[in-house]
There are 2 protein chains.
Amino acid sequence: ENPVVSAISFSRHEARITVRKIHDKPGIAAKILQILAKKAIEVDMIVQSVSQQDFTDLTFTVPENSYNQTITLLNTMQTQLKTAAIEGDHKIAKISIIGIGMRSHAGVAATMFEALALKNINIQAITTSEIKVSVLIEDKYLELAIRLLHAAFKLENSQNNIQ
Amino acid sequence: ENPVVSAISFSRHEARITVRKIHDKPGIAAKILQILAKKAIEVDMIVQSVSQQDFTDLTFTVPENSYNQTITLLNTMQTQLKTAAIEGDHKIAKISIIGIGMRSHAGVAATMFEALALKNINIQAITTSEIKVSVLIEDKYLELAIRLLHAAFKLENSQNNIQ
Ligand SMILES: C[C@@H](O)[C@H](N)C(=O)O
Ligand SMILES: C[C@@H](O)[C@H](N)C(=O)O
């Protein structure tokens, strides 16, 4: 089956923040998101993988211009959250492939990841939805990544990218 | 701004697989997805958080009935992939809140996570897209989670859930 990737979307000037070593028990993720929601911090991507020995990390993205405020806010909550550290990087971009009706993400994800690997672009985080595979990369590689993915999926490298 | 969550979607009988301790360098994620794509394994969710000291984990979901095949396949590739372990759980469900035009995920995610925490439902993994927040939970809590989220977002608990 040939899933069709019909477009590439991207968003530059993002920042990512990772809350290291949170306890894997109910209520912890809620607490962190409540802190952010209370201060009206605009959160885009939220990524959490499966815990190991009762701990895991929570990564999320915010607009670059709220990076400092968010780091400061979470640092003040660190004792309450009992996390090991708050880390981040404010020069990040998100790039996604979009395909309606992808029954399986394996093939398109493999093609996407391979295209980035060819030019040594490192994938920092991955999330998917029914119609998308999104990755975080360093901001400076965004232009190159857009061209690589247009070529890999034989798309017009037009400027009609969805932001 | 009051982001509107208009529906809950879910998918039961999923299985999750985590490849532990993969090297955070270009090409590694591509290699894993290529292995799965070659055997036409239907992958739904792919989640990877930010690495620590050069290593990270990769979690993905497959239909429950391909769980054994996928674990066996990855175990045979373990030396080639140089991963620490392949772990999994075949009694998983995915549940998502859907809202068009959510500028920020923080508020709706906090509400979703809090509703699950009230009944002690543990969140195993989190991913988002522009219109969705999705979590993995134990299969046995799916019915309860659907009711909790319908109540939390004041939705009709109708059967028109998008599968
Ligand atoms: C780690 C975090 O997701 C936790 N399991 C929770 O449910 O809040
Ligand atoms: C960990 C994995 O995503 C790696 N960074 C890659 O680019 O393939």
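Chain letters run A, B, ... following the sequence lines, proteins first, then strands; residues in each count from 1. Given the structure is predicted, the values throughout are model-derived calculations rather than measurements.
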Thinking salt bridges, do [X] and [Y] make one under a 4.0 Å N-O criterion?
X        : Y        : value
A/Lys91  : A/Glu138 : no
B/Arg20  : B/Asp57  : yes
A/Glu143 : A/Arg12  : yes

Practice prompt. Could you check if a side-chain atom of A/Ile126 sits within less than 4.5 angstrom of a side-chain atom of A/Phe113, using non-hydrogen atoms only?
Written response: yes

Practice prompt. Using a 4.5 Å cut-off on heavy atoms from C-beta on, say whether the side chain of B/Ile22 contacts that of B/Phe55.
Written response: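 Side chain of B/Phe55 against side chain of B/Ile22, heavy atoms only: no contact under 4.5 Å found.
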
Quick check for you: among [options], which has the greatest number of heavy-atom pairs under 4.5 Å with chain A?
options                            : result
B/Asp89, B/Ile46, B/Thr59, B/Val47 : B/Ile46
B/Thr127, B/Leu118, B/Asn122       : B/Asn122
B/Met45, B/Gln52, B/Gln34          : B/Gln52
B/Glu114, B/Lys132, B/His105       : B/His105

Answer with side chain, backbone, both or neither: which region of [X] has an atom nearer than 4.5 Å to a non-hydrogen atom of chain A?
X        : value
B/Glu87  : side chain
B/Ile121 : backbone
B/Lys94  : side chain
B/Ile41  : backbone

Using a cut-off of under 4.5 Å for heavy-atom pairs, which of [options] has the most such pairs with chain B?
options                              : result
A/Leu36, A/Ile123, A/Asp24           : A/Asp24
A/Ala117, A/Ala30, A/Ala37           : A/Ala30
A/Leu58, A/Asn120, A/Thr18           : A/Asn120
A/Lys119, A/Lys25, A/Lys38, A/Met112 : A/Lys25

Fill in: chain B contact via A/Ser49 - side chain, backbone, both or neither, heavy atoms under 4.5 Å
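The answer is both parts of A/Ser49.
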
Fill in: For the student: nearest non-hydrogen atoms of A/Arg16 and A/Leu136, plus distance
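That would be CB-CD1, 4.1 Å.
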
Worksheet item: Only one of A/Ile71, A/Thr61, A/Leu73 forms a side-chain contact (heavy atoms from CB on, under 4.5 Å) with A/Ile17, so which one is it?
Response: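 So the option named by the test is A/Ile71.
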
Discussion item. I need the single residue from A/Val43, A/Val62, A/Ile35 that forms a side-chain contact (heavy atoms from CB on, under 4.5 Å) with A/Thr70. Which is it?
Written reply: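 Result for side-chain contact (heavy atoms from CB on, under 4.5 Å) with A/Thr70: A/Val62.
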
Discussion item. If we count only N and O atoms by modelled type, under 3.5 Å, do the side chains of B/Thr56 and B/Ser51 hold a donor and an acceptor together?
Written reply: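 Side chains of B/Thr56 and B/Ser51: no pair found under 3.5 Å.
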
